[in-house]
Amino acid sequence: ATVSVLNCTFTGCLSRSAVMSPPHGEASALLGRAVSYSDPARKGTTEFGTWFNILCTMAGTGILALPATLNQGGWLVMALILVVAVTTNYTGKAIISCLYLAGGGDAEEGAAPTLRRLASYPDVGYAAYGRAGRWVVQAFHKATLLGVSTLFIIVTAKFLLEGIGGGGEGLAPGLGSPAEAATWQKRWGIAAGCALLIPLVCVKTLREMPALAAFGMMTTLLTILAVVVLAVAVSPLTNEKVRDWDLPSFNGTEGAAPVDVTHKLFDVGMFPTAFATITLSFGGHAVFPTIEEHMAAPLRFPAVLNKAYVLLTAMYFTCAIAGYAAFGDHVDNPVLCNMPRAGHLAIFGQVTKLAIVVHVMSAYCMLMNTALTEFERGLGLDGDGWRTIAVRSAFRAAAVAVTVAVAIFVPYFAEVMSFLGSACLTTIVFICPVVFSYKLRRGISGPEKAFMLFVLLLGVSGGTIGCYQSVKAIVQKLQAGDTQ
């Protein structure tokens with residue numbers, strides 16, 4: 001029973017629990033085209049392409065924070081990463097199963113069954129709870145897009161500071177002194193915002209390119225390589241390495257007692273914050289319906305998702321273990337801030353940071369365009385008249401200015417990431433899939449209901465406590481005037 005609960009294969013969900021029609025008699029508005037999965041002529045993305053798309057969607061900036069999550073909750077956070085992987089894998093499949101309404105009416109007797117498919121995640125919410133369900137999904141999804149876009153500005157400003165210069169390091173260390181680091185980080189944030197205005201204002205719609213997804217995956221792998229190489233190179237840590245490589249996490253320890261790196265097994269107080277950050281690293285559910293829709297064989301989605309999760313979890317484990325084992329209580333968030341400021345590894349770190357900057361700035365355009373396009377459609381700003389274009393341009397410029405302003409005045413990567421994970425992603429990843437699936441499906445077994453309750457409690461409790469802790473940390477930093 002446990003195996004069937006954790007697998008929750010798409011075919012199993014369909015066979016044992018038909019999906020009810022949407023409320024208010026608007027099923028026809030939600031139903032997509034009929035899909036026959038036995039059609040050999042059906043074209044779409046291969047299994048390998050789907051696997052790659054899932055990895056590109058989920059493996060991103062979240063990996064930069066994983067070593068620090070171990071510093072927050074201790075080595076047992078490794079078990080938490082596994083729990084989040086298993087539960088989000090389940091909820092991802094649950095959302096896909098809810099996309100399909102019981103069909104077959106279009107198929108002739110003896111022919112393969114034909115299913116009707118809902119168009120998107122918000123439509124699942126509508127099918128379950130009407131306009132309220134759709135609004136909840138859209139609200140949290142758009143909040144996530146805007147929040148992650150702001151996080152990208154924070155990362156961009158920080159890595160431009162450390163990769164190019166302004167704080168006494170980078171490719172141009174003479175650009176500024178360490179005392180000017182906070183000022184230069186703000187300047188880099190403003191510069192990034194101005195650069196991002198050009199594509200967002202000049203281009204009405206942006207389509208994600210395969211090359212961009214591949215580049216994003218490359219930067220993730222480059223990050224893992226940088227962390228692993230650094231961990232091997234610095235172990236064991238000595239005062240000589242700290243001095244010669246100018247390791248930023250050990251400022252003031254040169255020539256003192258031997259470098260002391262400590263680790264902890266478990267810290268229950270910081271577990272919810274770690275949970276929120278890890279959730280952000282597994283939060284691809286909003287785009288799963290699009291990925292599945294374009295598959296040549298949609299029934300294979302659960303198996304492909306499993307394979308993607310196996311590699312994704314292995315990547316996360318590798319980065320988290322390497323970073324925390326090497327630096328322990330001195331690990332930075334993001335972890336690349338632990339890279340040396342002198343020697344050959346410094347150049348490697350600078351190149352990695354600048355590659356991430358290129359990726360997140362490109363991703364910023366995609367995320368903001370997705371969010372703003374839907375807002376503009378609702379406001380009637382999707383036309384081509386010159387007045388509409390002028391108002392739309394001003395609207396987009398204002399949206400970019402808001403994200404830049406937040407990134408400048410709340411430049412706390414770790415805390416903002418934790419807030420996004422707890423306030424937005426837990427709803428999209430844990431709560432909504434369970435609540436919608438329970439409402440729409442029939443014949444759910446007892447063991448699966450128990451597992452659904454566990455997932456729901458995990459999302460609600462972890463999200464609530466993590467949100468409180470992250471907001472408290474942000475307020476404390478703002479009151480103290482911290483600039484990092």
Side-chain angles (χ1 to χ4, degrees), residues 63-72 74-75 154-185 187-188 219 222-264 318-357 411-414 477 480-484:
I63 200 169
L64 298 171
L66 290 179
T69 63
L70 269 68
N71 187 37
Q72 292 171 332
W75 282 113
I154 296 175
V155 173
T156 297
K158 191 172 188 63
F159 282 177
L160 285 175
L161 172 71
E162 298 178 2
I164 295 181
E169 57 182 306
L171 298 175
L175 196 59
S177 66
E180 300 175 287
T183 300
W184 270 99
Q185 183 166 332
R187 291 172 180 171
W188 283 123
T219 60
L222 191 61
T223 298
I224 297 173
L225 178 62
V227 173
V228 171
V229 169
L230 178 62
V232 173
V234 302
S235 300
L237 269 170
T238 63
N239 286 327
E240 290 74 17
K241 290 180 180 178
V242 171
R243 181 185 62 250
D244 295 341
W245 293 356
D246 192 10
L247 294 175
S249 301
F250 299 90
N251 289 337
T253 63
E254 300 89 340
V259 176
D260 183 24
V261 174
T262 62
H263 304 84
K264 54 188 175 183
T318 301
C319 187
I321 292 173
Y324 186 57
F327 294 100
D329 57 329
H330 292 278
V331 70
D332 281 327
N333 193 355
V335 65
L336 289 182
C337 293
N338 285 108
M339 295 297 291
R341 292 182 290 200
H344 296 300
L345 281 178
I347 299 176
F348 185 23
Q350 291 159 4
V351 171
T352 303
K353 291 173 184 177
L354 293 179
I356 291 175
V357 166
Y412 314 129
F413 175 81
K477 282 198 168 187
D482 287 357
T483 58
Q484 298 290 331

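Because only heavy atoms are used, hydrogens play no part in the values below, and waters and symmetry mates are left out as well, while side chains stay in. Start at 1 with the first residue, then count along the sequence.
Rounding to the nearest 0.5 angstrom, the gap separating the CD1 atom in Ile63 from the CD1 atom in Ile224 is 3.5 Å. Considering CG of Leu175 and CG of Leu161, their distance stands at 9.0 Å, rounded to 0.5 Å. To the nearest 0.5 angstrom, Thr262 atom OG1 is 8.0 Å from Asn71 atom CG. With rounding to the nearest 0.5 angstrom, the OG1 atom of Thr238 is 8.0 Å from the CH2 atom of Trp245. Here the straight-line distance linking atom CZ of Arg243 with atom CG of Asn239 works out to 7.5 Å at 0.5 Å rounding. How far CD1 of Ile164 is from CD of Gln350: 10.0 Å, rounded to the nearest 0.5 Å.
Contact annotation: the side chain of Phe413 never approaches that of Cys337 to less than 4.5 Å [non-hydrogen atoms, C-beta and beyond]. By the 4.5 Å heavy-atom criterion applied to side chains, Val335 and Leu230 are not counted as neighbours. You'll find the side chain of Tyr324 stays beyond 4.5 Å of the side chain of Val227, heavy atoms only. Contact of the Leu345 side chain with the Val234 side chain is not registered, since no non-hydrogen atoms from C-beta on lie closer than 4.5 Å. At a threshold of 4.5 Å between non-hydrogen side-chain atoms, the residues Lys158 and Pro334 count as touching. The shortest side-chain heavy-atom distance between Thr156 and Ile356 does not fall under the 4.5 Å cut-off.
Nearest approach of Pro67 to Cys319, heavy atoms of both residues: CG-O, 3.5 Å. The minimum heavy-atom distance between Ala414 and Asn333, with the atom names listed, is CB-ND2, 3.1 Å. When every heavy atom of Ala226 is checked against every heavy atom of Met339, the shortest pair comes out as O-SD, 4.2 Å. Nearest heavy atom pair, residue Ala326 against residue Val261, reads O-CG1, 4.1 Å.
With sequence neighbours excluded, the residues forming a side-chain hydrogen bond (donor to acceptor under 3.5 Å, both in side chains) with Glu162 are Lys353, listed by chain and number. Considering only residues two or more places apart in sequence or on other chains, Phe327 meets the ring-ring contact (aromatic ring centres under 6.0 Å, His included) condition with none of them. In terms of the salt bridge (Lys or Arg N to Asp or Glu O under 4.0 Å) criterion, residue partners of Lys477 (sequence neighbours excluded) are, by chain and number, Glu415.
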Could you check Leu222 against Phe348 for side chain to side chain contact (heavy atoms under 4.5 Å, CB included), going step by step and ending with a plain yes or no?
CA-CA 10 Å; Leu222 191 61; Phe348 185 23; 3.8 Å; yes
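Taking the six-membered ring where the residue is Trp, His263 and Trp75 present parallel rings, their angle staying beneath 30° rather than reaching 60°.
Panel note: side chain Asn338, backbone Asp332; a donor-acceptor pair is recorded below 3.5 Å. Of the possible polar contacts, none joining the Lys241 side chain to the Leu247 backbone as a donor-acceptor pair under 3.5 Å is found. Using modelled atom types, one side-chain atom of Trp188 and one backbone atom of Gly165 make a donor-acceptor pair closer than 3.5 Å.
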